Amino acid sequence: MKSILTPLGPKADKDTVRRHNLSLVLRAVRDEGESGEATRAGVAARVGLTRAAVSSLVEQLMDSGFLTESGKTFSGQAGRPGTALKVARTGPAGLGVEINIDYVSVCVVDLAGTGRVRQTEHLDNRGAPAEEVLARAAAIAARTLDSAREQELRPVGVALALPGLVSGGAVRQAPNLGWNEVPAQDLFGDALTALRPGRPVLPVASENEANLAALAELWFGGLGDVRSFLYLTGEIGVGGALVLNGELLRGAHGFAGEIGHVVVDPEGPECRCGSRGCLEQYAGQSALLRAAGVDGAGGGSGVLELERRARAGDERAVAAVAEAGRMLGRVVSGAVNLVDPDAVVLGGIYRGLMPWLAPPADEELTGRVVSGLWSPGSGRLRASSVAGDAARGAAALVVQDVLDDPVAYAEPSGG
């Protein structure tokens with residue numbers, strides 16, 4: 001039997017090793033800063049390098065504007081007190097742009113993951129030409145970049161959070177927007193560049209909006225030790241994403257997570273995707289508002305009205321949300337049986353509807369999850385954190401690139 005050998009890459013040279021270690025130290029300072037104060041000694045212990053090596057790396061990161069240090073910090077142990085290290089609140093940052101059916105939201109995140117600038121405009125993007133929608137989003141992004149510059153932040157890239165099937169910089173299909181084979185990255189990038197003459201051209205990436213909302217939940221939410229979860233976001237449609245052991249599952253072609261188009265009833269209402277009886281025809285925003293008798297023309301205001309009626313005990317509203325919960329539980333139980341996540345997280349419009357949505361969904365999950373490990377009130381079905389959303393996840397995706405290789409994003413000399 002022949003053995004299959006994986007070709008080995010080139011041996012890492014000194015520069016490659018140092019760049020890797022700079023990333024280790026920068027990430028360690030950021031992570032330590034989330035729970036307390038980082039010092040050179042603490043970082044050295046965390047990353048397994050000598051204190052002398054860490055001090056050299058810290059000096060380079062401070063000279064490049066990635067780290068700052070403040071007064072003395074006392075560890076309670078013998079020896080001289082150290083200085084507290086923090087990631088800089090100025091300098092490299094990420095820009096996230098979420099384009100959804102009825103709004104555009106733009107967010108700037110700094111190296112610590114803190115959202116520093118946010119601009120959201122409610123727009124009806126259905127039926128509008130894709131080029132027009134992306135140009136409007138670029139105009140909002142340009143204004144956001146001006147606000148970031150006022151805070152001495154320097155976004156080094158843009159990530160687009162887009163609904164539908166996203167691959168290779170294009171939206172292959174977004175039924176609720178009416179988009180097919182739209183080169184979103186190029187259209188947005190060209191529009192943004194045209195609005196900022198003389199400014200550096202920012203690289204643009206793109207990803208499915210539910211995937212980025214799930215990453216925001218992973219990085220900024222209140223999941224604790226949970227590293228494997230199914231994330232559902234309720235908007236006009238129903239988006240889904242799967243995180244396993246802290247890694248986003250994209251699938252062979254980048255299309256994993258399209259749970260909104262799982263068929264509940266093949267004889268059900270026609271869906272914009274061309275099928276019938278998809279989950280979003282029962283649990284999407286439009287379907288929910290229609291079933292509750294709430295005017296959906298106002299978008300977000302319609303959802304707030306639905307919540308208000310449910311709190312007031314309106315029978316039609318409560319019944320509509322409960323039925324959506326049952327359909328969600330029915331479909332999600334299949335996904336739970338398939339991939340066995342620790343939790344199911346509901347975001348978007350579902351967060352505010354959890355008091356009426358969760359019990360029937362939990363009941364369906366309890367009856368259909370074959371492991372017997374699901375029980376009502378177990379906490380495995382939970383609302384998303386308010387700290388995470390697709391725009392913030394998109395911006396943080398850019399920041400991850402900076403953390404991976406800070407040398408590549410250092411301020412150009414003379415810049």
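Just so it is clear, the model here is predicted, and its values are computed rather than measured.
The CD1 atom of I99 sits 4.5 Å away from the CG atom of L134 when rounded to the nearest 0.5 Å. Taken from CD in Q173 to SG in C273, the straight-line distance is 7.0 Å, to the nearest 0.5 Å. The structure places CG of L95 at 5.0 Å from CG of L145, a figure rounded to the nearest 0.5 Å. Considering OG1 of T233 and CG of N100, their distance stands at 7.5 Å, rounded to 0.5 Å. Between L67 atom CG and M62 atom CE the span is 7.0 Å, to the nearest 0.5 Å. In this structure, the separation between CG on L381 and CG on L232 is 9.5 Å, given to the nearest 0.5 Å.
A salt bridge does not link R382 to E217: none of the charged side-chain nitrogens sits closer than 4.0 Å to a carboxylate oxygen. No salt bridge links E280 with R272; every basic N to acidic carboxylate O contact stays at or beyond 4.0 Å. A salt bridge links R149 to D146: one of the charged nitrogens lies within less than 4.0 Å of a carboxylate oxygen. A salt bridge is absent between R316 and D314; no separation between the charged side-chain nitrogens and carboxylate oxygens falls under 4.0 Å. In summary, R27 and D404 engage in a salt bridge, as defined by a charged side-chain N under 4.0 Å from a carboxylate O. A salt bridge links D389 with R118: the distance from a Lys NZ or Arg NE/NH1/NH2 to an Asp or Glu carboxylate oxygen falls below 4.0 Å. A salt bridge links R40 with E59: the distance from a Lys NZ or Arg NE/NH1/NH2 to an Asp or Glu carboxylate oxygen falls below 4.0 Å.
Evaluated for a side chain to side chain contact (heavy atoms under 4.5 Å, CB included) with Q285, the options V238, I101, D102, L306 yield exactly one hit, D102.
A 4.5 Å side-chain heavy-atom check between R136 and N125 finds at least one atom pair inside the cut-off. The closest side-chain heavy-atom distance from T366 to W374 is below 4.5 Å. When side chains are defined from C-beta on, V369 does not count as touching L373, because their heavy atoms never get closer than 4.5 Å. Residues L162 and E209 are not in side-chain contact: their nearest non-hydrogen atoms beyond the backbone lie 4.5 Å or more apart. Counting heavy atoms from C-beta outward, T16 and R19 have side chains that stay 4.5 Å or more apart. Counting only heavy atoms from C-beta outward, the side chains of V58 and V43 never approach each other to under 4.5 Å. Side chains of R380 and D362 form no contact here, defined as non-hydrogen atoms less than 4.5 Å apart. Contact annotation: the side chain of L165 approaches that of E258 to within less than 4.5 Å [non-hydrogen atoms, C-beta and beyond].
Within 6.0 Å of CD in E247 there are 12 or fewer heavy atoms belonging to other residues, nucleotides or ligands. More than 12 non-hydrogen atoms from other residues, nucleotides or ligands lie less than 6.0 angstrom from CD of E323. Within a 6.0 Å sphere centred on CD of E152, heavy atoms belonging to other residues, nucleotides or ligands number 12 at most. Within a 6.0 Å sphere centred on CD of E181, heavy atoms belonging to other residues, nucleotides or ligands number more than 12.
At distances below 3.5 Å, not a single donor-acceptor pair connects side-chain atoms of Q119 with backbone N or O atoms of V106. Between the S333 side chain and the R330 main chain, a donor and an acceptor come within less than 3.5 Å of each other. Judged purely by atom type and a 3.5 angstrom limit, R172 uses its side chain to pair as donor or acceptor with the backbone of S167. Under the 3.5 Å distance criterion, the side-chain polar atoms of S375 are left unmatched by any main-chain donor or acceptor of S378. For R46 (side chain) and L24 (main-chain N/O), no donor-acceptor pair under 3.5 Å exists by modelled atom type. Counting only distance, with no hydrogens or angles, the side chain of S23 and the backbone of D405 share no donor-acceptor pair below 3.5 Å. Using modelled atom types, no side-chain atom of Y231 and backbone atom of L218 make a donor-acceptor pair closer than 3.5 Å. No side-chain donor-acceptor contact under 3.5 Å links R154 to the backbone of G91. Of the possible polar contacts, one joining the R392 side chain to the A387 backbone as a donor-acceptor pair under 3.5 Å is found. With hydrogens and angles ignored, the 3.5 Å screen pairs a side-chain donor or acceptor of R116 with a backbone N or O of R89.
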Do H261 and C271 pass the side chain to side chain contact (heavy atoms under 4.5 Å, CB included) test, and can you show the C-alpha distance, the side-chain angles, and the key distance before you say yes or no? CA-CA 8 Å; H261 296 288; C271 182; 3.6 Å; yes
The test is side chain to side chain contact (heavy atoms under 4.5 Å, CB included); show your working for V386 and R351 and say whether it passes. CA-CA 9 Å; V386 295; R351 185 190 304 119; 4.0 Å; yes
Apply side chain to side chain contact (heavy atoms under 4.5 Å, CB included) to Q400 and L403, showing your working. CA-CA 5 Å; Q400 294 298 314; L403 297 173; 4.3 Å; yes
Output, in order, the C-alpha distance, side-chain angles, deciding distance and verdict of side chain to side chain contact (heavy atoms under 4.5 Å, CB included) for D401 and V156. CA-CA 10 Å; D401 290 338; V156 297; over 6 Å; no
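Closest of all the heavy-atom pairs between A93 and D110 is CB-CA, 4.2 Å. Between L230 and A335, the shortest heavy-atom distance links the atoms CD2-CB, 3.8 Å. The heavy-atom pair separating Y282 from C278 by the smallest distance is CD1-O, 3.3 Å. Residues L202 and V158 share a closest heavy-atom pair of CD1-CG2, 3.9 Å. When all heavy atoms are compared, the tightest approach of N208 to P163 is ND2-C, 4.4 Å. Of all non-hydrogen atoms in G302 and L289, the two that sit nearest each other are O-CD2, 3.4 Å.
When the salt bridge (charged side-chain N to carboxylate O under 4.0 Å, His left out) test is applied to E131, no partner is found at least two apart in sequence or on another chain.
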